There are 2 protein chains.
Amino acid sequence: MAATIKDVAKYTGLSIATISKYLNGGNVLEENRKLIEEAIRALDFKVNEIARGLKTNKTMTIGVLIPDFNNLFFTTIVSNIENVLIKNGYSTILCDYKNDIELEKEKFNFLVNKQVDGIIIIPQGDIGGYIKEQLKKNIPLVLVDRALEDVECDTILVDNMNASYNAVEHLITRGHRRIGIIRGPDNIFTSIERLKGYIRVHKDYSMKIDESLVKKGDNDVESGYRCLNELMEMDVPPTAVYITNYEMTLGAIMAINERNVKVPDDLSVIGFDNLHIARIVKPPLTIVVQPMEQIGEVAANTVLKRIKGDMSNYPSMVRLKTELMINQSVKDLRG
Amino acid sequence: MAATIKDVAKYTGLSIATISKYLNGGNVLEENRKLIEEAIRALDFKVNEIARGLKTNKTMTIGVLIPDFNNLFFTTIVSNIENVLIKNGYSTILCDYKNDIELEKEKFNFLVNKQVDGIIIIPQGDIGGYIKEQLKKNIPLVLVDRALEDVECDTILVDNMNASYNAVEHLITRGHRRIGIIRGPDNIFTSIERLKGYIRVHKDYSMKIDESLVKKGDNDVESGYRCLNELMEMDVPPTAVYITNYEMTLGAIMAINERNVKVPDDLSVIGFDNLHIARIVKPPLTIVVQPMEQIGEVAANTVLKRIKGDMSNYPSMVRLKTELMINQSVKDLRG
DNA sequence: AAATCAGAGCTAAACGTTTCGCGATTGAAG
DNA sequence: CTTCAATCGCGAAACGTTTAGCTCTGATTT
């Protein structure tokens, strides 16, 4: 059906080997070069990437595995990964595992079986064993957003601890003393780190933590909604709340609207991640902003670097800084 | 490095052909079956999909091309496409073209060169020529969300005309007579269809359209923001506004918040698409909801059907219904 | 007992490339 | 005019599968 390298050889009278050489940037006589190019045009020849892959043992494809497709934080990262990869001639096979740790393993294996040249993963469950096994086979692998204990591997993280520290410090320096936190579940790396920041800043300011102000959600909209309600129904509600991810921030805002809580007069709020959301709620929300573009870029470049065989400072551990975007959802209680 | 079918043959003492037969579901003696399975386990053998692809001329991969990665409408569709495909053993190569019609062609060719078994595309520019060329080569191709003039091809659409009709009719029957619309650009199929609905319902109710109430945006946040401001700065502003996509709805809400427009007392609002957003704004927004899950499923199933060679009622044209989700952002002006 | 047949396994070619090692050609150097 | 190195092209093997068509075995039929 489609023209092959053989057809080009026949058309030009040259051998297959010479055509292949040309295709891969080798030197051919000027005269032959023109001839080959003419043939390629005339026959509409395209390299068969599969056949090439069989010989070279490369698929020019990177597998990307994320927890959930309907999560803007993840898809934004993926978007930036893809930008970098495609510029380098690589394509992306994208999978999500719907926050299901069994599915996570399955999809991971799926990617491995697809013989991708590298994998970028935002891990969740105890997939460490699988990953180590692949690392042994020398397939480049990059962890994003969450570290995995006991796995020696390039990792791109956000400095979650300091993100929380700065957010809560912002509240403390404005006079808040009862600060609620809506935190994520124990099994997620970022949740724990973000909670740590909350704890540490309390220590540094010699403030005792009231455990009833620490609400544990599931990182989804519903739990954000529930936790905010719980906080507001306390006998002595907090004067401020810090919510540690995007979905729960959404849920919390829903609850705030329904309860007619006045922000920031009744409650100061610091949320997470989404710039647009921050602007469409009233008043505009002070939020922690993660460097999603950077995360994607660094992840992609790291995997490309390893594929090229550059193993300098392996395993690398990058920690990117967040930013506290200050808007009008925090009240200054001083004076 | 990795075990091949040859190694399995050697291990079992059988021939390559028999192993291959087993792998592809052929009959082998019970005794040999066990032996082969043991060998596969012992050698950790995995089929080399690339080699297989070379023989079968299949990559078991579907290309998906969307306008923009940072758009929840598109990514939700992709998510549902991927669900269906992976269940059928296919993987997805995902690209976006950042709303750039040149990039659109490039990425389309990229997918073709990757020799995907089928393509699902949400088109924008004049890519019709390219698509027709591929259709001639019999590669299954499904258009989503936007029809392409002059291209005979399976197409999955949303009934945009009626979506608009119903939304605006909802406003009319509640006594609104000056209804603004923030519409998308001319070169986008859905924009035009949505505008048509607005026009037709006006006709059906014998209402004249005030052209100054029709604001043309670019389907992005900024233009929604700008258009809403323009509407409110008119000498006689509309009593209601209908915004025809998600991003512009976001922008419009930002403007509403900044101007301190009271919804629905100063202005009734109907937006588009996102359920979460609808709930986090105050009051909850009445919106047009598109059946994104369904779109993805139908698109994936259609491409799979064609790949299997089932060409029944080709080209198929599916039009899915939207829903008007009624909340509290529309005021009843009657008596 | 001969003829027939089904089922299982095997041989070998093929898919479209890359690449190794060799031969041919050319032009410069001696 | 010979030699040598450099350059370019070629033949052939290889990558790991699938598959058409054949052989072999043993059971069934007549």
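So that the names make sense, note that chain A is the first sequence line, chain B the second, and so on, each numbered from 1. For clarity, every value in this text was computed on a predicted model and none was experimentally measured.
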According to a strict under-4.0 Å criterion, is [X] in side-chain N/O contact with OP1 or OP2 of [N]?
| X | N | value |
| --- | --- | --- |
| B:Thr56 | D:dT18 | no |
| A:Asn27 | D:dC8 | yes |
| B:Ser15 | C:dG9 | no |
| B:Asn32 | C:dA8 | no |

For [X], answer base if it contacts any base atom (sugar-phosphate contacts may also be present), sugar-phosphate if it contacts only those atoms, and nothing otherwise; contact means non-hydrogen atoms under 4.0 Å.
| X | value |
| --- | --- |
| B:Phe45 | sugar-phosphate |
| A:Lys58 | nothing |
| B:Leu54 | base |
| A:Asn57 | nothing |

Checklist line | Distance-only donor-acceptor check, side chains A:Gln115 and B:Asn48, under 3.5 Å | finding: yes

Of the listed nucleotides ([options]), which one gets closest to any side-chain atom of [X]?
| X | options | value |
| --- | --- | --- |
| A:Ala17 | D:dT18, D:dA12, C:dG16 | D:dA12 |
| B:Leu23 | D:dT18, D:dG9, D:dA14 | D:dT18 |
| B:Asn48 | D:dG16, D:dT18, C:dT17 | D:dG16 |
| A:Ile16 | D:dA12, C:dT18, C:dC10 | C:dT18 |
| A:Val28 | D:dG9, C:dT17, C:dG9 | D:dG9 |
| B:Ser20 | C:dT18, C:dT11, D:dT19 | D:dT19 |

Gap between atoms [atom1] and [atom2], on [X] and [N] respectively (whole Å):
| X | N | atom1 | atom2 | value |
| --- | --- | --- | --- | --- |
| B:Lys10 | D:dG16 | NZ | P | 12 Å |
| A:Tyr22 | C:dT17 | OH | C1' | 17 Å |
| A:Lys6 | D:dA12 | NZ | C1' | 13 Å |
| A:Leu43 | C:dG16 | CG | C1' | 15 Å |
| B:Lys21 | D:dT17 | NZ | P | 18 Å |
| B:Asn24 | D:dT17 | CG | P | 11 Å |
| A:Ile50 | C:dT18 | CD1 | P | 14 Å |
| A:Leu14 | C:dT17 | CG | C1' | 17 Å |

Next item on the list: Can you spot which of A:Thr4, A:Val8, A:Ile5 makes a side-chain contact (heavy atoms from CB on, under 4.5 Å) with A:Ile16?
Entry: A:Ile5

Notebook entry, point to check: Considering the options B:Val144, B:Ile66, B:Asp96, which one meets the side-chain contact (heavy atoms from CB on, under 4.5 Å) requirement together with B:Phe74?
Noted result: B:Ile66

Test: [X] and [Y] ion pair at under 4.0 Å:
| X | Y | value |
| --- | --- | --- |
| A:Arg33 | A:Glu38 | no |
| A:Lys137 | B:Asp44 | yes |
| B:Arg306 | B:Asp154 | yes |

Next item on the list: Could you check A:Leu29 against B:Val47 and say which one's nearest nucleotide on DNA chain D is further toward the 5' end?
Entry: A:Leu29

